[in-house]
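This report concerns only the one structure given below.
Per chain, numbering begins at 1; letters A, B, ... match sequence-line order. Everything numeric in this text was worked out from a predicted model, so none of it was measured.
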Number of protein chains: 2
Amino acid sequence: MRPENRRQVKELTLFRAMPDAAFDRLLAGSFFQRFPAHVVLIREGDLADFLHIVIDGGVELFSNWRDHETTISIARPISTFILAAVVKDAPYLMSARTLDASSILMIPSENIRTAMLDDSAFGVAMVDELAACFREIVKAQKNLKLRSGVERLANYLLRLDAEQRNDGRVVLPFEKKLLASLLNMTPENLSRAFATLKPYGVAVSAAAVEIANPGDLRRFAKPTPLIDDPKS
Amino acid sequence: MRPENRRQVKELTLFRAMPDAAFDRLLAGSFFQRFPAHVVLIREGDLADFLHIVIDGGVELFSNWRDHETTISIARPISTFILAAVVKDAPYLMSARTLDASSILMIPSENIRTAMLDDSAFGVAMVDELAACFREIVKAQKNLKLRSGVERLANYLLRLDAEQRNDGRVVLPFEKKLLASLLNMTPENLSRAFATLKPYGVAVSAAAVEIANPGDLRRFAKPTPLIDDPKS
DNA sequence: ACAGTCGCTTGATAAAAGTCAAGCGACTGG
DNA sequence: CCAGTCGCTTGACTTTTATCAAGCGACTGT
């Protein structure tokens with residue numbers, strides 16, 4: 001791991017308040033590793049030996065049941081994933097695979113748990129992180145239960161537009177197939193959902209999406225901070 | 001609040017390790033209140049002033065968007081709810097209403113946050129609680145995204161059967177209307193879902209459900225600990 | 001006792017989402 | 001260069017789910 005990466009990780013709210021020496025102890029026995037795209041990092045049901053942190057690239061968290069598979073979320077740098085399994089010392093509930101070539105830092109679960117007991121500020125940071133994760137997934141749950149597929153897509157596009165701030169020109173950050181799985185629809189259905197949004201000024205060509213008039217789309221999508229605002 | 005109630009709350013994993021004096025400080029400024037059925041305790045979007053704990057009765061956590069409403073979860077004694085909003089000092093993401101006549105203990109958010117800073121063992125307990133909540137809702141998400149309505153019902157019945165341990169005789173703990181909302185279907189559809197399960201030995205009469213042969217239902221429902229086991 | 005409401009069920013119908021099949025264009029490896 | 005694969009789209013069709021309407025029985029308040 002390059003010193004710059006160490007610095008980036010240390011900047012996470014989770015570790016920011018930690019004394020340098022404690023952070024070094026935390027990292028003892030960690031691995032920093034580069035993986036190619038589409039490598040499975042974690043299989044659901046396995047025991048949570050390591051806390052994972054995406055330093056570079058991207059990771060898909062997904063799950064299977066019978067012959068179905070669904071994407072739960074996408075982890076982008078710099079962020080942790082599967083924190084909850086680590087603190088509970090329990091089996092992972094989700095699998096994880098790299099989206100692109102990615103750098104991953106793996107910290108032994110044991111280190112996290114002991115650091116938490118030693119350092120109450122770190123405990124507080126963990127509480128904060130877990131609460132944030134919980135709220136994210138509650139929003140995802142509401143999104144899923146209260147909205148139709150087309151509505152989920154419309155609101156997703158508005159979020160991208162807000163993130164990318166490029167005046168209605170949005171580029172999808174990954175394959176449509178994956179987007180479909182994240183939004184809980186089939187790829188065929190996603191295609192049709194884009195077509196449905198055409199009258200609201202949405203034009204797609206490959207990964208580039210143009211939102212002619214965000215106001216129109218907004219009136220259709222009816223976003224609310226209690227579902228769509230990443231903070232809050 | 002009766003001394004017995006205090007003892008029950010103190011028994012929660014969240015508070016168990018806390019010294020008695022600290023627990024008293026935590027409860028300073030708390031309210032213990034009885035509410036009739038169907039009273040709204042919390043409105044989503046409001047600021048999280050209090051941590052709520054169900055001492056008796058039951059509470060439905062739900063959410064609205066446009067003209068839709070959905071149940072996110074049910075809180076039964078003795079348990080906390082909306083913990084995440086409290087620690088983030090953020091708006092509630094869900095509304096809450098009593099299901100039956102209920103006793104609720106309300107602890108000022110501020111007390112929780114200061115207790116967390118003062119007492120690192122309490123911080124650890126909070127981490128544990130939040131991680132458990134997170135894992136619960138991840139399972140709910142998988143349940144929702146990977147299974148059909150009938151499959152969700154079948155697995156729900158199996159869980160009730162395991163909880164109630166009454167040899168295939170199960171009693172639904174609340175109205176079918178609410179169950180439908182929890183399972184993300186309409187009441188009409190829930191009726192039909194019960195009918196669909198008839199060939200697998202499921203017979204309904206009002207709130208009483210008889211599972212003639214749990215093995216049959218199990219083969220249909222294909223439960224997995226990674227979705228259906230409340231612990232794990 | 002009675003009208004009124006409410007929870008639940010059933011049937012008919014409509015809308016949403018999934019499946020199957022085909023085709024197109026981009027990339028990939030021999 | 002070419003065959004093969006893969007992501008994506010479109011069309012036809014099926015299945016699932018929601019909506020609308022009606023009816024039944026239990027409970028409620030007058």
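Taking a 4.0 Å limit (strictly below) on heavy-atom distances, residues 197-211 of chain A does not reach DNA chain C anywhere. Proximity of residues 169-191 of chain A to DNA chain C (heavy atom under 4.0 angstrom from any strand atom) is restricted to A:Met185, A:Thr186, A:Glu188, A:Asn189.
By the neighbour-count criterion of 12 heavy atoms within 6.0 Å, atom CG of B:Asp167 is sparsely surrounded, having that number or fewer from other residues, nucleotides or ligands.
In this structure, the side chain of A:Ser109 engages the main chain of A:Phe50 through a donor-acceptor pair within 3.5 Å. Distance alone, capped at 3.5 Å, places no donor-acceptor pair between the A:Lys88 side chain and the B:Arg135 backbone.
Between B:Arg43 and B:Ser95, the side chains place no donor N or O within less than 3.5 Å of an acceptor N or O (distance only, hydrogens not considered).
Counting only residues at least two apart or on different chains, the side chain to side chain donor-acceptor pair (under 3.5 Å) pairs with a member in residues 173-191 of chain A are A:Thr71-A:Ser181.
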Side chains of residues 155-162 of chain B: which donor-acceptor partners sit under 3.5 Å, not counting sequence neighbours?
residue: B:Asn155; atom: ND2; partner: B:Glu151; partner atom: O; Å: 2.9
residue: B:Asn155; atom: ND2; partner: B:Ala221; partner atom: O; Å: 3.1
residue: B:Arg159; atom: NH2; partner: B:Asp228; partner atom: O; Å: 3.4
residue: B:Asp161; atom: OD1; partner: B:Gly168; partner atom: N; Å: 3.3

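With rounding to the nearest 0.5 angstrom, the NE2 atom of B:His52 is 10.0 Å from the CD1 atom of B:Ile107.
Atom CG in A:Leu153 sits about 14 Å away from atom C1' in C:dA17, given to the nearest Å. Distance, A:Arg192 CZ to C:dC20 P: 13 Å, rounded to whole Å.
For the helix from C:dA1-D:dT30 to C:dG30-D:dC1, the angle separating the two terminal helix axes comes to 40°, with each axis derived from five pairs and the value rounded to 10°.
For B:Asp46, there are no salt bridge (Lys or Arg N to Asp or Glu O under 4.0 Å) partners two or more places apart in sequence or in a different chain. Shown here are the side-chain hydrogen bond (donor to acceptor under 3.5 Å, both in side chains) partners of B:Arg76, two or more places apart in sequence or in another chain: there are none. Considering only residues two or more places apart in sequence or on other chains, A:Asp216 meets the salt bridge (Lys or Arg N to Asp or Glu O under 4.0 Å) condition with A:Arg219. Looking at residues two or more places apart in sequence or on another chain, you find a side-chain hydrogen bond (donor to acceptor under 3.5 Å, both in side chains) between A:Thr70 and B:Lys145. Residues passing the side-chain hydrogen bond (donor to acceptor under 3.5 Å, both in side chains) test with A:Asn64, sequence neighbours excluded: A:Glu69. Partners of B:Arg152 according to the side-chain hydrogen bond (donor to acceptor under 3.5 Å, both in side chains) rule, which considers only residues two or more places apart in sequence or in another chain, do not exist here.
First and last contacts of DNA chain D with chain B, using any nucleotide atom under 4.0 Å from a protein heavy atom and ordered 5' to 3', fall at D:dT17 to D:dC20.
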